[in-house]
Amino acid sequence: MYDHQALEKKWQKIWQDSNLYKTVEDFSRPKYYILDMFPYPSGAGLHVGHPKGYIATDIFARYKRLKGFNVLHPMGWDAFGLPAENYAIKNKIHPKKATDENIATFKKQLSILGFSYDWEREINTTDPSYYKWTQWIFLQMWKNGLAYESFEPINWCPSCQTGLANEDLENGLCERCGSEVEQKPMRQWVLKITDYADRLLDDLEKLPDWENSIKDMQKNWIGRSYGTEIIFKVKNSKSEIKVFTTRVDTIFGCTYVVLAPENKILNELKDKIINFSAVQDYLEITRHKTELQRTDLNKNKTGVILEGVYAINPFTGDELKIFVADYVLNYYGTGAVMAVPAHDERDFEFAEKYGLKIKTSIGQKINGRMISGAKSCFTADGYLVDSGDFTGLSSEEARLKLTAWLEKNNLGSSKVNYKIKDWVFSRQRYWGEPIPLIHCPKCGIVAVPEESLPLTLPKVESYEPSGTGESPLVGISDWVNTSCPKCGGPAKRETNTMPQWGGSCWYYLRYIDPKNDLALVNKEKEKYWSPVDFYVGGAEHATRHLIYARFWHKFLFDIGVVNYDEPFTRLQHVGLIMGEDGRKMSKRWGNVVNPSEIALKYGADSLRVYEMFMGPFSQAVAWNTNGLIGARKFLEKVENLLSNFSTDLEPEIEAEKILSLLHKTIKKVQSDIESFSFNTAVSALMIFVNECTAYKQTTGKLPLNKDNLKIFIKILAPFAPHLSEEIWQILGEKTSVFKSSWPEFSEDLAKDKLINLPVQVNGKLRAILVVEAGISEEDAIRLAFENEKVKTYVAGKELSKKIFVYDKLISLVVK
RNA sequence: GGUCCAGUGGUGGAAUUGGUAUACACGCAGCACUUAAAAUGCUGUGCCCAAAAGGCGUGUGGGUUCGAUUCCCACCUGGACCACCA
C-alpha cells in the first residue's frame, strides 16, 4: 500500500512550481501538437467519461516529450452557450459568473488527475480578447460574401426561443431540450458553407490518418449526388417546372410530377388551377405540421392534384398530372420531383394510394433475356425498356445520353446537389458573441470597424429571450443605438449573437499564440505549430464541430491567415464510458462516477491506468469499480517491487529472460502508444511486473540492475506519472523522469532465442516443438518426425504435403 | 430505408500481410496465512468426459485453403450516424 494522496499532491506541486510543462518556443526542434476537444464547463462537473480522452492525450504528450519532440498540449474552455444562460435566468446570476465558477471546478478536477497541460496558454471563448478574433473572422467572411442575411423559414425551437442550424436537430427535435422544432421565417445570418462543400468532401482524401467512420459520416452529411435537372414545360403556359433526379434513366416511366407545398411555382400557376381552394386548404394543413410530423416515415403520404394543369415530359411529350404533396421537400433539389412509381418506392406508395398509372421503363437482363414489367417497384439499375430511341441502354449509359439530349435541346443539364445546407449562424439569445454589424438606414449593413473590436456583450438586467424572436439585446437601447461608422448617422446594432459552435471553429489556432493582440495568430508561430498533429475527442462532433472547423480553416487559408488548408492531421474518437449498469452516465440514472472522488480514494494513477486498460480506446465500455481495483493492485505491485529498493540487495544478476522481456515490453508499449492501443500497452506492463515479482519471490532478488529498472520506470511514467516520478527519485535520480528520454530497445534482445514451433497434421495441432529461433526447414521437419506424438499420426501413412513457415509452424498432410 | 462498425469464456477484452484461439484483468472455486474476517500469496478456471486420451469450440449456414476469429458469399443479432435527400 502506498499513500497515493500524499504522493500525488507532492509531485503535482513540484511539477507546477518547476514549470515542468511550459511549452518552449524552440523552433529548431521537431514539434508535436496534440489537442483535446476542449470541454463545455457545465455546472455538473466532470464524470469519469470526460477524462478518458485527456488521459490518452496526456500519455501521448508525455511520450512524445520523452521522444524529444517540442510538444504543445494546451487546454481551454468552450464557454458560450445555452446552459449557462438558462442557469443565469433561473438564478439571476450573470452567465459569466456561473461560467467562471464552473471553469474553476473543472480545472480543479483536472488538476487532481495530473495532466501535463501548459496552463499559461489557457483560453476561454467568452473572454473578449478571444472573441475579438471570432468576430474578426466573421467580418472577413462577411466581406468575402460568405455571410449573408436571409429571411427564409428556419428551424425554430419554441422552448429555447432561438433559431437553430440543421446540425442542431436530432430526429426533428431540438438537440438541447427535446422540443419539437417549428419552421419559422426569420431574419437571420447564414454562412455559405455550401460554397466549400466540394472541398470539404474532396479534401477528406488528404486525411489518411482520420478514422474512416468519421470521414464517412462527413461524406454522408455533405451528401453530394450527381444527377440531372430537367425542365418540364407546363401545358398552355410559359411556366416551367424544374425537377432534380439522379435517375433520369427512368424518365420514360414518369407518370406525374409532384411539387413541394412551399414551391413558388404554385403561385405562378394559381390562375390555371381549377381547384385552387382545395390546394390552399392542403397548404394550410401542411403549414401547421411540425417538421417531425412531415418527415415521419410511417405517415401516410398525402397530396392534392392540381386540376387543369399538366406538365410535358420532354422525351415523350406526354401530358402528366401535377400534384402538390408534402413528401417532397422544398429545401432539397428544386422542390419538385418527377414521379416514377415503377422505380421509386415513395412514388409507388403515392401512386397506389391515388390510383395513378405505374409504367415500367427499366428491366433486368437475366440469362441474356430481358425481363420487364415487374409487378411492384424495382429500384435498382437495369436496362431501359419502352424508352424510345434509348431502349436497351444500361441505366448508366442512359443517364449520360439522356442528359446530353436534354442539354442539346435546352431542356435540362447535369447538376450536382448536396444535402448540406448553409449554416444558420445567428441565435436570438444573450450568451454568445455579438455579431459585429450595424444596420444603417442610409448605408445598409455596415461592419463594425476592425480596430474597435471586440464588440463586447453589454450588461443586461434580464437574460430572458425577448419573446418576439429577437435576442434580449434589443432591450439595451444604449447599446443598440449607435452611429454608422460610414456616414456617422444614427444606426442600430445587429442584436443576434453567434451560435455556440463559433468559438470552437478556430480555438486550436489561438493556443499557438494566445495573448497576441495584433493578430489572430503570429504567422511564424502558426507556420511552426500548425496543423494540429493529433486531435482527440467525441464522435458526436463528426458532423458539426469538425465540419465547421474545417470550413473556417479553409476560409482562413484562402485569406492567407494559415499556411495549410486542413486543420487536423490525425483524428481519433474516444469511446464513451457507460455507467456500471450499462446505461449512459447521467444524473437521471444515478450512475455517475466522479473522477475526483475516485482519484482521492484510489489514486489518479490508478484511474489513469484503469481507463486505458478498460478496452479499446474508441469503444464504449461500462465502468467497473472492480476493474479499477485491479489497476490499483498493479501499481501496488510496482511500488512493492521497487520502492524499497534501497534496502534490497543490489542485484548482480541480469536474468537473461527478463532482460529480453524488458526490451520486448519497450517495443510493445511504444508501438501501442503510437497506435492508441493503450489497453494492450498496459497489459504488457503488467506482464513484465508479474514476471519480476515471481522472480523476486523465488530468489529474493530483483532480476535487473538499477539502470534497467529505470528503463521500466520511463515506460511506465506516461501512464502513472506520480508513482513513477516517486520511484525514479528513489532510484537515485534528482531531475524529473519527464526530463529524461524514451529508452531505445534492442531488436536483438527483444527476440526470443527459443521458440515454440507448432506441428499440425492434417490441419490439427498435434505437437509443439521447442526449438532455436531461425531453425532450418530440414532440421525442423526432422525433429517433427522424431516427435512421438507426431509419429502416431503419420505412421503408416503417405506424406502428401509438407509446409514449413519460418519460425511459425510445420503443417503435414498425410493420406 | 441508407451508410458504417461490431458479434470470441461467467464479465471487460487479446490474437488479423491467414499460422499454438481465449494474453492481460475482473469474477468464481480451492489452498496457505488468521481465533475469525479482510488484505495478501499460491493453484485452478472455454465446453463434453470421473480422469486421461480424444472430440467440439470465435453469431448462423456455406465457400476458398495444408491451415480461417482473420478472406469471400448469404443470413441472423446488436450498435453508431443519417434519414421521404428524389
Side-chain angles (χ1 to χ4, degrees), chain A residues 1 170-172 211-221 223-225 227 243-248 250 258 260 294-299 301 325-329 331-340 343-347 349-350 379 417-421 539-540 542-543 573 575-576 609-610 613-616 618-631 633-634 636-637 640 677 679-687 690 693-694 697 755-769 792 800-814:
Chain A
M1 282 289 278
E170 229 167 54
N171 298 320
E211 293 163 285
N212 283 327
S213 62
I214 305 276
K215 285 199 269 191
D216 287 339
M217 275 191 236
Q218 294 209 349
K219 280 179 198 163
N220 253 312
W221 189 264
R224 179 166 65 192
S225 55
V243 307
F244 173 76
T245 180
T246 54
R247 293 298 306 274
V248 64
T250 65
V258 193
R294 256 193 83 172
T295 55
D296 183 5
L297 285 169
N298 297 320
K299 120 191 141 162
K301 290 193 171 34
D326 66 7
Y327 80 89
V328 174
L329 305 172
Y331 52 73
Y332 183 78
T334 60
V337 301
M338 63 174 210
V340 186
H343 306 297
D344 181 283
E345 284 181 26
R346 294 154 300 183
D347 299 339
E349 194 189 315
F350 190 79
T379 57
N417 252 308
Y418 303 88
K419 279 208 280 193
I420 195 170
K421 289 191 248 172
E540 69 274 19
T543 52
H573 87 268
L576 290 177
V609 169
Y610 172 57
F613 184 61
M614 289 175 91
S618 59
Q619 193 176 297
V621 212
W623 177 266
N624 179 336
T625 302
N626 274 325
L628 170 81
I629 292 170
K633 282 182 188 165
F634 161 65
E636 279 174 12
K637 267 191 200 173
N640 192 35
S677 313
N679 54 335
T680 48
V682 171
S683 150
L685 293 168
M686 285 173 168
I687 291 169
N690 289 346
T693 306
Q697 230 140 40
I755 57 159
N756 289 337
L757 194 66
V759 183
Q760 293 180 357
V761 182
N762 287 352
K764 288 212 190 317
L765 180 71
R766 295 302 180 189
I768 293 173
L769 308 175
T792 64
S800 65
K801 202 167 194 176
K802 59 173 197 261
I803 288 146
F804 173 75
V805 183
Y806 182 77
D807 276 3
K808 275 277 159 65
L809 100 167
I810 294 172
S811 182
L812 305 170
V813 185
V814 293

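Reckoned from all heavy atoms, side chains included, excluding hydrogens, waters and symmetry mates. Order of the sequence lines sets the chain letters (A, B, ...), proteins ahead of strands, with each chain counted from 1.
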Q: Just label B:rG9 as syn or anti from its O4'-C1'-N9-C4 or O4'-C1'-N1-C2 angle, using within 90° of 0 for syn.
A: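 Chi for B:rG9 falls in the syn range.
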Contacts under 3.5 Å, N or O only, protein and nucleotides 2-12 of chain B:
residue : atom : partner  : partner atom : Å
B:rG12  : O2'  : A:Met614 : O            : 2.7

Q: Give a yes/no on whether any side-chain N or O of A:Lys764 is located under 4.0 angstrom from OP1 or OP2 of B:rA21.
A: no
Pick base, sugar-phosphate or nothing for [X], based on heavy-atom distances below 4.0 Å to the nucleic acid.
X: A:Lys419; result: base
X: A:Val328; result: base
X: A:Ser811; result: base
X: A:Leu329; result: base

Q. Where each residue is assigned the nucleotide of RNA chain B containing its nearest heavy atom, which of A:Lys633 and A:Asn626 is assigned the position nearer the 5′ end?
A. A:Asn626
Q: Determine whether any donor atom in the side chain of A:Lys301 lies under 3.5 Å from an acceptor atom in the base of B:rC84, or the reverse, and answer yes or no.
A: yes
Q) Could A:Lys301 and A:Tyr327 be counted as a cation-pi pair, given that NZ or CZ must be under 6.0 Å from the ring centre and within 45° of the axis? A)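 Here A:Lys301 passes the 6.0 Å and 45° test against A:Tyr327.
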Q.
What's the closest nucleotide to the side chain of A:Leu809 if the choices are B:rA86, B:rA14, B:rG19?
A.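 The answer is B:rG19.
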Q.
Please determine whether the number of non-hydrogen atoms from other residues, nucleotides or ligands lying under 6.0 Å from atom CD of A:Glu345 exceeds 12.
A. no
Q: Flag yes if more than 12 heavy atoms outside A:Lys215 fall under 6.0 Å of its NZ atom; otherwise flag no.
A: yes
Q) How does RNA chain B read in dot-bracket, base by base from 5' to 3', with Watson-Crick or G-U pairs under 3.5 Å and | used when the partner is on another strand? A) (((((((..(((......[....)))((((((.......))))))(((.....)))..(((((..]....))))))))))))....
